[in-house]
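Treat the numbers as computed from the prediction; the structure is a model and nothing was measured.
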Amino acid sequence: MAFKAPRGTRDMLPLESDKWNFVERKFRELCYNYNFAEIRTPVFEETELFVRSAGEESDVVKKEMYIFKDRGGRELALRPEGTAGVVRAYLEHSLHNNAQPVKLFYYGPMFRYDRPQAGRQRQFYQMGIEIFGTKDPASDVEVIKFTADFFSKLGFKDLKLHINSVGCPECRPLFQKDLEEFARTKISLLCGDCRKRALNNPLRLLDCKNDSCREVMKDSSPINAYLCSSCGTHFEDVLKLLKALNISFYVDSGLVRGLDYYTNTAFEFLSCQLGSQNALGGGGRYDNLVEHCGGPQVPGVGMAVGVERILLALEKEELFPVKDQPEGVFLAVESTDLWEERFNLLYLLRDNDFRVETDYLNRSLKAQMKFANRNSFRFVIIMGVEDKSKGIVKLRDMVNGEQVELSFEKIPAFLRKKIE
RNA sequence: GUGGGUGUAGCUCAGCAUGGUUAGAGCGCCAGGUUGUGGCCCUGGAGGCCGUGGGUUCGAGUCCCAUCACUCACCCCA
């Protein structure tokens with residue numbers, strides 16, 4: 001085999017495409033119900049856009065971006081996430097002048113140069129939504145409720161919602177400073193990674209997987225204690241609304257998101273089926289992102305889910321509707337002399353919106369029947385040589401073996417009746 | 001980027017610790033037989049440079065090294 005798909009990428013074969021379509025359909029339907037409109041942005045943007053939005057210090061920017069120079073010398077990057085491009089488009093087309101809020105959804109491939117693993121690829125698909133132009137805690141909740149609805153529409157029952165507030169540029173620095181100091185006093189008890197984190201990115205101290213570190217950090221004061229009054233109220237309101245909607249959640253004071261643009265609400269939906277790549281989706285509020293990207297002060301909130309992970313989790317929980325229902329029509333023919341009649345009937349049926357297939361390999365009638373059976377065709381139409389003069393064909397229902405003789409014109413109506 | 005496991009037909013895997021003539025099974029695919037014309041059963045066939053490249057050896061799918069890919073954990077997140 002000469003060529004292989006590049007590392008961290010995958011082909012989607014026909015067997016899987018039904019599953020993808022299932023997930024996509026549910027997503028689009030829900031977007032319609034919630035009044036989110038679709039936006040499609042390029043898969044690559046100026047590198048600077050991502051640096052600006054995700055933050056210079058974020059892992060995504062520091063080590064995971066696919067960056068390249070095009071032939072004109074432009075510095076470009078494949079998008080590692082969807083929000084930045086949407087924000088750019090929002091500004092470029094002055095959507096802030098439209099009636100607010102602006103509610104958008106997107107779906108497409110994202111790219112991160114990371115070490116592949118189950119549920120983690122270099123090209124992966126995200127579906128996401130964004131709401132621009134409102135700070136109302138109800139809009140945070142709308143995004144979370146949307147996500148919860150989406151998962152339950154797919155059939156998930158036991159997903160965990162973790163939620164936290166990461167504060168704002170007013171209150172977060174104080175928290176960070178205290179956290180850093182706290183870590184410094186306990187430095188000897190922390191793992192090597194955490195010692196580094198204490199200096200570079202104290203927030204990350206909170207989600208170390210190491211039990212002993214967790215034990216130590218448990219005694220640091222949680223961020224809730226530092227939230228300024230507006231952040232505190234916002235968070236409380238969000239939680240209150242979640243309760244009102246009967247959405248169960250767990251306040252995880254260790255939840256911090258990897259992209260720097262988040263403010264206030266941060267949340268993740270976790271699956272217990274998935275091992276270490278267990279976040280099916282997540283999101284949060286980003287009230288300063290638009291301004292930070294050179295626009296007016298427009299608040300926003302959004303989320304994204306990972307399609308491959310959803311598919312993995314659905315697979316594990318066996319939630320795909322097992323549909324191998326026979327459907328469609330196979331047009332079998334006894335002799336290749338009958339091309340003209342065959343085509344006439346083939347296109348007659350297709351024009352009448354039936355799914356129809358015929359044989360192109362000159363196979364025996366028996367082989368054609370077998371093919372039809374294996375491929376779950378509900379009906380087989382058999383054109384016999386002798387029937388030609390009579391203008392008749394045989395129509396067989398493969399489910400119960402019933403077979404009738406019909407003229408061409410009567411077939412569409414007959415099939416329609418049968419399918420009901 | 002770090003560490004562990006794996007890599008044999010389209011798919012799921014056996015064979016490898018004790019190297020030895022044409023590398024196996026099931027499913028799938030193709031053809032034929034028996035059912036008028038599928039499903040069950042029977043027969044036959046196609047399909048593998050044993051991930052790739054080196055090395056050890058008279059001889060390597062089997063041993064050694066490297067490399068690539070997958071996988072699990074770290075990391076990070078979706």
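- Using a 4.0 Å cut-off, no side-chain N or O of Q117(A) falls inside it from OP1 or OP2 of C70(B).
- E402(A) and K418(A) are joined by a salt bridge, as a carboxylate oxygen and a charged side-chain nitrogen come within less than 4.0 angstrom of each other.
- Note on G128(A): nothing from the nucleic acid sits closer than 4.0 angstrom, heavy atoms only.
- Per the geometry, OH belonging to Y262(A) stands 6 Å off P belonging to A78(B), to the nearest Å.
- C27(B) and U43(B) have their P atoms separated by 11 Å, given to the nearest Å.
- Taking atom CG of residue L15(A) and atom P of nucleotide C27(B), one finds them 19 Å apart after rounding to whole Å.
- For the 3.5 Å distance criterion, the side chains of S139(A) and R285(A) qualify, holding a donor opposite an acceptor.
- Taking a pair to require two hydrogen-bonding distances under 3.5 Å in either a Watson-Crick or a G-U wobble arrangement, G19(B) remains unpaired.
- Using a 4.5 Å heavy-atom threshold, the side chains of F343(A) and L346(A) count as touching.
- In this structure, R115(A) places its CZ atom 7 Å from P of U2(B), rounding to the nearest Å.
- Straight-line distance between the P atoms of A66(B) and U2(B): roughly 14 Å, to the nearest whole Å.
- With 3.5 Å as the limit, one finds no donor-acceptor pair spanning the side chains of E327(A) and S376(A).
- Across all strands shown, nothing is found opposite U56(B) as a Watson-Crick or G-U wobble partner with both distances under 3.5 Å.
- Using P as the reference atom, A69(B) and U52(B) are 15 Å apart when rounded to the nearest Å.
- Between the C1' atoms of A23(B) and C65(B), the separation comes to 25 Å (whole Å).
- Within the nucleic acid shown, Q123(A) has no heavy atom closer than 4.0 Å to any nucleic acid atom.
- Here N278(A) lies in heavy-atom contact (under 4.0 Å) with a base.
- Residue Q277(A) is in base contact, counting any heavy-atom pair closer than 4.0 Å across all strands shown.
- For K4(A) against U52(B), no side-chain N or O and base N or O form a donor-acceptor pair under 3.5 Å.
- Side-chain contact check for N352(A) and R416(A): at least one donor-acceptor pair (N or O, by modelled atom type) lies under 3.5 Å.
- Residue L280(A) is classed as a sugar-phosphate contact, given heavy-atom separations below 4.0 Å to backbone atoms only.
- Residue G8(A) is classed as a sugar-phosphate contact, given heavy-atom separations below 4.0 Å to backbone atoms only.
- Between Y90(A) and E92(A), the side chains place no donor N or O within less than 3.5 Å of an acceptor N or O (distance only, hydrogens not considered).
- Computed from coordinates, the L361(A) CG to A31(B) P distance equals 8 Å when rounded to whole Å.
- Using P as the reference atom, A25(B) and U6(B) are 26 Å apart when rounded to the nearest Å.
- Listed nucleotides: U71(B), U37(B), G39(B). Nearest to the side chain of M369(A): U37(B).
- For R10(A) and G281(A), each mapped to the nucleotide of RNA chain B holding its nearest heavy atom, the one lying further toward the 5' end belongs to R10(A).
- When both distances must be under 3.5 Å, the Watson-Crick or G-U wobble mate of C70(B) is G5(B).
- Pairing for C76(B) is absent, judged as Watson-Crick or G-U wobble with the two contacts each under 3.5 Å.
- Sequence order on RNA chain B of the closest nucleotides to P6(A) and Y125(A) puts P6(A) first from the 5' end.
- For K366(A), the side-chain atoms get nearest to G33(B) when compared with the rest of C76(B), G32(B), G33(B).
- Using a 4.0 Å heavy-atom cutoff across all strands shown, A118(A) reaches sugar-phosphate atoms only and no base atom.
- In this structure, CZ of R7(A) is placed 15 Å from C1' of U52(B), rounded to the nearest angstrom.
- The nearest whole Å value for the distance from the CD atom in Q126(A) to the C1' atom in A78(B) is 5 Å.
- A donor-acceptor contact under 3.5 Å is formed by the side chain of R120(A) with the base of C75(B).
- On the P atoms, G4(B) is 15 Å away from C64(B), given to the nearest whole Å.
- Separating the P atom of C11(B) from that of G28(B) is a span of 15 Å, rounded to the nearest Å.
- More than 12 heavy atoms of other residues, nucleotides or ligands lie within 6.0 Å of CZ in F354(A), so this atom counts as buried by the packing criterion.
- Atom NZ of K63(A) and atom P of C76(B) are 7 Å apart (whole Å).
- Base-pair partner of C40(B): not found among the strands shown (Watson-Crick or G-U wobble, both distances under 3.5 Å).
- Under a 4.0 Å N-O distance rule, the pair R10(A)/E308(A) does not qualify as a salt bridge.
- Comparing A78(B), G32(B), C40(B) against the side chain of F124(A) picks out A78(B) as the nearest.
- Comparing U37(B), A78(B), G28(B) against the side chain of Q403(A) picks out U37(B) as the nearest.
- For G10(B), the paired nucleotide is C27(B), the pair qualifying as Watson-Crick or G-U wobble because both relevant distances are below 3.5 Å.
- Judged by the 6.0 Å distance and 45° axis criteria, R355(A) is positioned over the aromatic ring of F377(A).
- Per the geometry, CG belonging to D397(A) stands 16 Å off P belonging to G39(B), to the nearest Å.
- Glycosidic conformation at A31(B) (O4'-C1'-N9-C4 for purines, O4'-C1'-N1-C2 for pyrimidines): anti, more than 90° from 0.
- Nucleic acid contact class of K370(A) (heavy atoms, under 4.0 Å, all strands): sugar-phosphate only.
- Between A14(B) and G26(B), the two P atoms lie 16 Å apart (nearest whole Å).
- Checking C50(B) for Watson-Crick or G-U wobble geometry (two distances, each under 3.5 Å) identifies no partner in any strand.
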